[in-house]
Structures are given as C-alpha cells and as structure tokens.
Amino acid sequence: MNISNVGSGLIKINQNPFQNVEVDKTKSSFGDVLQGYLENVDNTVKQAADLSTKVATGEIDNIHNVMIASQKAQISLELTVTVRDKAVEAYQEMMRMQI
C-alpha cells in the first residue's frame with residue numbers, strides 16, 4: 001500500500017501564518033515587514049472564507065480542511081489584534097511619560 005501522496009494537497013496545520021513573508025532585502029524597513037505580515041494574515045482569512053463558501057455550495061466535501069483553515073484564520077487574526085493592542089498600549093505609555 002503506497003501512502004506517499006496522502007495529505008499532499010492538505011493545509012498544513014503547523015504552518016505559521018507569519019512565515020514566508022517576502023520583503024525586498026534592499027528596502028526591508030519595519031513598515032515593509034509589518035505590511036507583509038498583515039497581507040499574509042489577510043490572505044489566510046480570505047482563504048478560510050473562500051473554503052467556507054465552497055463547503056456551503058457543496059463544492060468541497062471535506063469539512064475537516066475548512067475547519068482547520070477557519071481556526072488558523074481566527075488565531076492569526078487574534079494574534080494580530082493582540083499585537084496591535086500592545087503597540088497602542090506602549091505608545092500611550094510613552095506619551096504619558098514626563099520629560
């Protein structure tokens with residue numbers, strides 16, 4: 001029994017949504033890196049929405065992959081919101097400092 005191709009087209013569960021962000025090495029500023037991360041999170045959310053639509057229309061029978069993509073998108077979005085909240089909190093704390 002050959003099982004070498006099992007799972008080759010599936011979503012990788014352990015894949016970090018922030019990995020594989022391609023930024024131009026000559027102009028890698030903080031803003032460029034942050035933009036790459038946000039685009040990657042946006043693509044993850046769009047992929048989950050697309051898979052949800054396909055399962056609703058009956059194009060996909062395997063709901064397992066849809067649920068994994070949905071959870072991956074949810075966690076990515078929660079992480080992004082948490083990082084944003086911490087950055088805003090740090091900015092507000094710096095603004096309260098007396099010189």
Side-chain angles (χ1 to χ4, degrees):
M1 179 166 73
N2 184 6
I3 60 170
S4 62
N5 291 331
V6 173
S8 61
L10 301 178
I11 298 170
K12 297 190 184 332
I13 295 173
N14 296 330
Q15 183 179 359
N16 184 350
F18 295 118
Q19 72 187 14
N20 298 331
V21 175
E22 294 181 17
V23 179
D24 186 14
K25 299 293 182 191
T26 59
K27 297 169 65 178
S28 62
S29 69
F30 178 73
D32 293 337
V33 172
L34 189 61
Q35 182 178 1
Y37 290 150
L38 292 176
E39 287 174 358
N40 203 350
V41 170
D42 185 47
N43 289 338
T44 303
V45 171
K46 286 179 181 177
Q47 179 187 14
D50 184 47
L51 288 174
S52 296
T53 302
K54 286 182 180 179
V55 84
T57 59
E59 293 177 37
I60 296 177
D61 294 333
N62 190 353
I63 196 161
H64 186 259
N65 291 339
V66 177
M67 294 306 294
I68 290 173
S70 176
Q71 285 298 312
K72 182 177 162 183
Q74 180 182 356
I75 290 170
S76 298
L77 198 55
E78 286 176 6
L79 176 64
T80 304
V81 169
T82 302
V83 169
R84 181 211 54 193
D85 291 344
K86 288 293 183 180
V88 169
E89 185 180 319
Y91 174 77
Q92 289 174 343
E93 185 66 29
M94 286 190 298
M95 294 305 292
R96 280 184 246 146
M97 287 182 182
Q98 300 223 354
I99 299 176

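Quick caveat: nothing in here was measured; it's all calculated off a predicted structure.
- Atom OG of S70 sits about 11.0 Å away from atom CD of Q47, to the nearest 0.5 Å.
- The side chain to side chain donor-acceptor pair (under 3.5 Å) check on Q92 picks up nothing, with sequence neighbours excluded.
- Side-chain contact between L79 and S76 is absent, with no heavy atoms from C-beta onward closer than 4.5 Å.
- We find the CD1-OG1 distance between I75 and T80 to be 11.5 Å, quoted to the nearest 0.5 Å.
- Other residues, nucleotides and ligands contribute over 12 non-hydrogen atoms within 6.0 Å of the CG atom of L34.
- Checked against salt bridge (Lys or Arg N to Asp or Glu O under 4.0 Å), E78 has no partners two or more places apart in sequence or in another chain.
- A salt bridge does not link K46 with D50: none of the charged nitrogens is closer than 4.0 Å to a carboxylate oxygen.
- Residues A48 and A69 come closest through the heavy atom pair CB-O, 3.5 Å.
- Among the candidates N65, D61, V66, the single residue satisfying the side-chain contact (heavy atoms from CB on, under 4.5 Å) test with V55 is V66.
- Through direct or relayed side-chain contacts under 4.5 Å between Ile, Leu, Val, Met, Phe, Trp and Tyr, Y91 connects to M95.
- Of the inter-residue distances, the one linking I63 atom CD1 with I68 atom CD1 reads 11.5 Å to the nearest 0.5 angstrom.
- One distance of note links CD of E59 with CG of L51; it measures 10.5 Å at 0.5 Å rounding.
- Both L38 and F30 belong to a single network of hydrophobic side chains, linked directly or stepwise wherever heavy atoms of I, L, V, M, F, W or Y lie under 4.5 Å apart.
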